[in-house]
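Everything numeric here is computed off the predicted structure, so don't read it as measured data. Quick note on labels: first sequence line is chain A, next is B, and so on, each numbered from 1.
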Number of protein chains: 2
Amino acid sequence: MPAESQPSARLFPRRLPAGRLGVAVVSELVDLIVTGQLKEGELLPPEGPLSEHFGVSRTVLRESVKRLEEKGLVVVSQGRGTQVRAPGYWNMLDPVVLSALIDNDETLGVLDELTVVRASLESAMAGAVAGTRSADGLRRLENALTTMRESAGETDSFRQADVVFHYALMEISGNRLAENIAKHLYKRAVDSSRYQGIDTPDAFDLTLKEHAAIVDAISRQDVAAAQKAMHDHIHISWERRRLPDHAPRARDQASE
Amino acid sequence: MPAESQPSARLFPRRLPAGRLGVAVVSELVDLIVTGQLKEGELLPPEGPLSEHFGVSRTVLRESVKRLEEKGLVVVSQGRGTQVRAPGYWNMLDPVVLSALIDNDETLGVLDELTVVRASLESAMAGAVAGTRSADGLRRLENALTTMRESAGETDSFRQADVVFHYALMEISGNRLAENIAKHLYKRAVDSSRYQGIDTPDAFDLTLKEHAAIVDAISRQDVAAAQKAMHDHIHISWERRRLPDHAPRARDQASE
DNA sequence: CGCTGGCATACGTCATACCTTATCGCTCGA
DNA sequence: TCGAGCGATAAGGTATGACGTATGCCAGCG
């Protein structure tokens, strides 16, 4: 192999971080707070020392702290300093915060809670869809279901089709607030639980049956049945996945 | 009156904004986006002109834009500019965003949707409480209910007691995620619907009855009944309040 | 026609100076 | 002795100016 053949690729490996400096700062500070290393009420170091610690200018540090404030993690006041807020104030829909919460949760408690919330919201939306006799909506759901059937067997595309189905239902429901919240949660859930695969041999089949039950209830305009079908589906499918009781691991940031 | 008696108080009326400069900038930009004056995909003016427009330095303007980015309202990319994101990305739990949404919603649609979400989450939490036989929790709820009874007649303290009751139940439920989301929503709802008072003569009585039904179901550890009682209560009480069909108005920022 | 390179634009980062606010301690007078 | 008041210190807030870096466009060359 000639020495000069592919020099650029080997010599200039495209510097890794590249991303904005603030990202690393925010990420680290969020972790410190979520993991409790910085406790509620505690004061962060002043901007000067902190910016020096991270090796960034005070400007960047300040923008990062402003981000933390938006996430509800801290409150900053002139003359006093920046202190950590109680968890009740945290914006748990925030991707970074939610990911940090999930990653630092050995017992899967957060994902359990997330499942309860998703089940509540999505079942309400399923009920709403069943209530509004929307031919377009129903057709769209049936198409999504068909796509799932066709991709059964291929884990990746099946999961993607699964997401499409849930998203479609939420959009059809017309409740933009519930849709917004549920989608934020769902997105994080997918990114985090991706690791315990639906390896159960009959997972595809069960998932399809549950989805079919939802569509069926909606087509019959049976509100209560639609709610129950969605509620059961989300809880049951989570149980299927979490059973292997192994602690979830790893994280991948950006996802959308 | 001597000319020099109270010069500072009269001549320097403590500059109006008082708050940080960025607050006004963020507030105005949020409004522009939420009201659709800045449409999805549209580019904001560059930082230079924009900072000049608001009469602040580029520093302040940038921190404000970073806040908007955290709220999910815009996405900023180096070399290109800052563009408005689709509503699906907005963080609707954010106080400023949610308030703006509510204020710019003539049909009360947002509050209707908010009610659905609250009903779903709080009924789930009520069910959870009924499921866990917690003597402490039950006692706490009964105390809250008693406080409500005692303050019946006084709108303000009654409402406050109402909030205490709902908060208590959410905290007892043990689902911190649901609690977090529901509280954020509830907070905004209270701040916004405060204006159409519970003027119905029998409002106190009805509210008390509904709350009593919730506590009763929980004391009997009847999960389904507790869920239904809470669900009905939130929907019914909202119907009571929204009936006067008058458009909600006014806004007050800080509230917590 | 297609690729390359320059240039304008817009955000990213840094350094510095100065203002405003909050705290705390110290002085001084009642 | 005690409390009001003042001033020093600390920490965040704002303003500038300069330079770095990513994008996009377009002319010019092969």
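Distance, A/Leu50 CG to D/dA10 P: 18 Å, rounded to whole Å. When the P atom of D/dT14 is taken as reference, atom CZ of B/Phe54 falls 14 Å away, rounded to whole Å. Atom C1' of nucleotide D/dT23 and atom CG of B/Leu43 are separated by 12 Å, given to the nearest angstrom.
The environment of CD in A/Glu52 is sparse: at most 12 heavy-atom neighbours from other residues, nucleotides or ligands sit within 6.0 Å.
Put simply, the side chain of A/Asn104 gets close to the backbone of A/Ala100: a donor and an acceptor are under 3.5 Å apart. A donor-acceptor pair under 3.5 Å is absent between the side-chain atoms of A/Ser27 and the main chain of A/Val23, judged by distance alone.
The existence of a salt bridge linking A/Arg62 and B/Glu63 is confirmed by a sub-4.0 Å separation between a basic side-chain nitrogen and an acidic carboxylate oxygen.
Screening A/Asp103, A/Leu185, A/Leu93 for a side chain to side chain contact (heavy atoms under 4.5 Å, CB included) involving A/Leu98 leaves a single residue, A/Leu185.
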Which nucleotides of nucleotides 8-19 of chain C have their base under 4.0 Å from a protein heavy atom (B), which only their sugar-phosphate (S), and which neither (-), written as one string 5' to 3'?
--BBBBB--B--

